[in-house]
Amino acid sequence: MPIDVPKIDQLYQILPDEPLLMMGAGPVPIPEAVAAANGIVINHLGEAMARVIDQVKRMARYIFQTQSEWIVGVAGPGSAAMEMAVANLVWPGTRVLSICNGFFSNRLAEMAMRAGAEVEQLKITDGISADPKQVAEILDRFRPEVLTIVQGETSNTTHNHALDEIAAVAREHRCLVIVDAVCTLSTMPLKMDEWGVDAVITGGQKGLSSIPGVSLVAFSDAAWKRINARTEPMRHWTLDASLATKFWHQASYHYTAPVSGLLALHEAMRLVCEETLEHRYTRHQHCSLALQAGIEALGLKLYVQPPARLNSVLGIALPETLQPAEVCRHISHNYRVEIASSFGPHIVRIGQMGEQCRVHNLFRTLHAFGSTFKDLGVKVDVPAGMAALENRLQDLKATQP
Ligand SMILES: *Cc1c(COP(=O)(O)O)cnc(C)c1O
């Protein structure tokens with residue numbers, strides 16, 4: 001029997017009639033310049049690409065706040081960058097302390113276990129930040145060589161706000177620190193060198209507002225020394241950081257680089273530099289705080305209390321009567337706004353990363369969100385929510401120099 005040509009829809013038959021406003025936990029909307037760059041294919045080993053890579057590394061040093069030369073990219077999701085950081089610094093027998101705040105930080109622990117490490121997990125309740133004193137106690141007793149931690153735990157919207165102190169105490173114990181900043185990079189301060197972080201992981205589709213599928217890792221000199229000194233063979237060929245320097249430092253062939261995605265990332269990072277980190281952090285903070293005020297004025301509850309509340313992704317507690325999937329389906333079908341459900345807690349999540357933090361997106365999202373609850377039979381005060389959003393934005397603007 002021959003296998004017939006399948007009947008395939010054209011894309012316009014699959015996509016909704018009106019584009020969805022992507023306000024979930026990533027991917028996030030991308031600027032025009034990023035979309036245009038993503039439509040271009042060039043030689044992955046030509047002069048133009050060498051210049052792009054040189055600039056991506058220079059911009060990464062600014063965005064990660066590091067002087068390190070050891071910036072490498074990977075064709076893959078944020079998880080590939082996580083695995084690149086872990087698999088290069090960890091091998092059978094390495095003692096790893098994993099600070100586990102939830103789904104993504106647990107993933108770092110699992111990656112370390114799969115790399116053969118002896119992993120101790122510090123499991124932290126949802127909505128609580130890691131405590132530097134508690135971490136110090138484990139460092140004293142367990143003497144890990146590597147610590148893994150997430151800056152913003154996207155799954156339950158917790159912020160490890162004492163990251164700088166935790167990195168400092170790890171450094172005192174001569175323990176290297178791997179930070180997952182996939183969700184948070186360029187949305188809030190992260191000072192790799194000043195805080196003494198040894199590997200920072202990011203993806204494209206969240207804080208940086210690029211496309212998914214191209215990710216970066218920055219290694220410190222100390223981390224790079226450990227990679228160079230390892231005698232255990234690196235099990236992953238594609239994720240081998242030393243091999244990656246062929247493309248990232250010698251303009252030669254490791255594997256065919258994701259050229260379009262790199263051009264998109266270049267544009268996204270260029271826009272971060274043009275805006276400057278300082279202004280970008282302020283924009284994110286103001287938008288997120290105003291949206292939080294709006295959600296609370298609707299009469300709804302945020303899942304995490306400050307100071308552990310993550311500004312980059314907000315978790316909103318749902319009444320017992322509503323299911324996360326139902327809320328997400330309703331707001332998407334009826335208002336063309338996409339938000340995220342959850343990996344466990346009874347919440348839905350609204351992102352505040354990159355292009356999501358634009359005032360017009362906040363108004364549309366809050367209106368759609370409040371109206372969704374009303375439609376589903378939950379009493380909320382939409383006009384009060386909208387007024388609180390506007391008032392908070394005005395107040396925050398007034399506090400600016
Ligand atoms: C999204 C996310 C990841 C995973 O990124 P993928 O691109 O889905 O692999 C890891 N860590 C954090 C904190 C995230 O928000």
Side-chain angles (χ1 to χ4, degrees), residues 22-30 38 64 73-87 98-112 114 124 126-127 129-130 147-161 163 166 177-190 192 197 199-218 236 238-239 258 261-262 264-265 268 284 288 303-304 308-315 338-345 347-357:
M22 299 295 290
M23 296 299 286
V28 308
I30 55 174
N38 189 47
F64 289 92
V74 55
S79 300
M82 291 162 85
E83 198 139 40
M84 194 176 200
V86 171
S98 288
I99 316 283
C100 294
N101 294 88
F103 190 79
F104 290 110
S105 37
N106 292 348
R107 185 177 290 176
L108 283 168
E110 180 173 350
M111 286 172 174
R114 288 181 180 216
I124 301 175
D126 270 21
S129 306
L147 178 151
T148 67
I149 186 168
V150 67
Q151 185 176 30
E153 177 52 71
T154 320
S155 66
N156 57 31
T157 68
T158 305
H159 176 205
N160 276 323
H161 58 83
L163 182 57
I166 290 170
V177 177
I178 299 177
V179 173
D180 175 347
V182 176
C183 144
T184 48
L185 193 77
S186 88
T187 74
M188 62 171 66
L190 195 168
M192 180 170 167
V197 174
V200 178
I201 298 155
T202 199
Q205 77 274 24
K206 298 194 188 172
L208 293 176
S209 258
S210 184
I211 58 156
V214 182
S215 305
L216 295 175
V217 185
H236 299 267
T238 315
L239 297 179
L262 280 167
L265 186 64
H284 279 83
S288 184
Y303 184 61
V304 174
R309 183 181 296 161
L310 180 62
N311 282 339
S312 319
V313 180
L314 297 174
E338 198 81 354
I339 63 170
S341 65
S342 114
F343 296 113
I347 59 173
V348 290
R349 295 172 299 150
I350 299 180
Q352 284 292 276
M353 299 175 281
E355 290 306 298
Q356 294 176 322
C357 291

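We count residues from 1, following the sequence as given. Each ligand, and each atom within it, is numbered from 1 in the order the structure gives.
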Would you say the side chain of [Y] lies within less than 4.5 Å of the side chain of [X], judging by non-hydrogen atoms?
| X | Y | result |
| --- | --- | --- |
| Ile178 | Ile201 | yes |
| Ser79 | Met111 | yes |
| Leu310 | Thr184 | yes |
| Leu216 | Leu265 | yes |

| said: Under the criterion side chain to side chain donor-acceptor pair (under 3.5 Å), I'd like the reasoning laid out for Ser209 against Glu355: C-alpha separation, chi angles, the key distance, then a yes or no. | reply: CA-CA 6 Å; Ser209 258; Glu355 290 306 298; 4.7 Å; no

Just list the N/O pairs, ligand 1 to protein, that are under 3.5 Å apart, with the distance for each.
residue	atom	partner	partner atom	Å
ligand 1	7 (O)	Gly78	N	2.8
ligand 1	7 (O)	Gln205	NE2	2.8
ligand 1	9 (O)	Gly78	N	3.4
ligand 1	9 (O)	Ser79	N	2.8
ligand 1	9 (O)	Ser79	OG	2.5
ligand 1	11 (N)	Asp180	OD1	3.3
ligand 1	11 (N)	Asp180	OD2	2.5
ligand 1	15 (O)	Thr154	OG1	2.4
ligand 1	15 (O)	Lys206	NZ	2.6

| Could you state the interatomic distance from OG (Ser312) to CZ (Arg349), rounded to the nearest 0.5 Å? | 12.5 Å

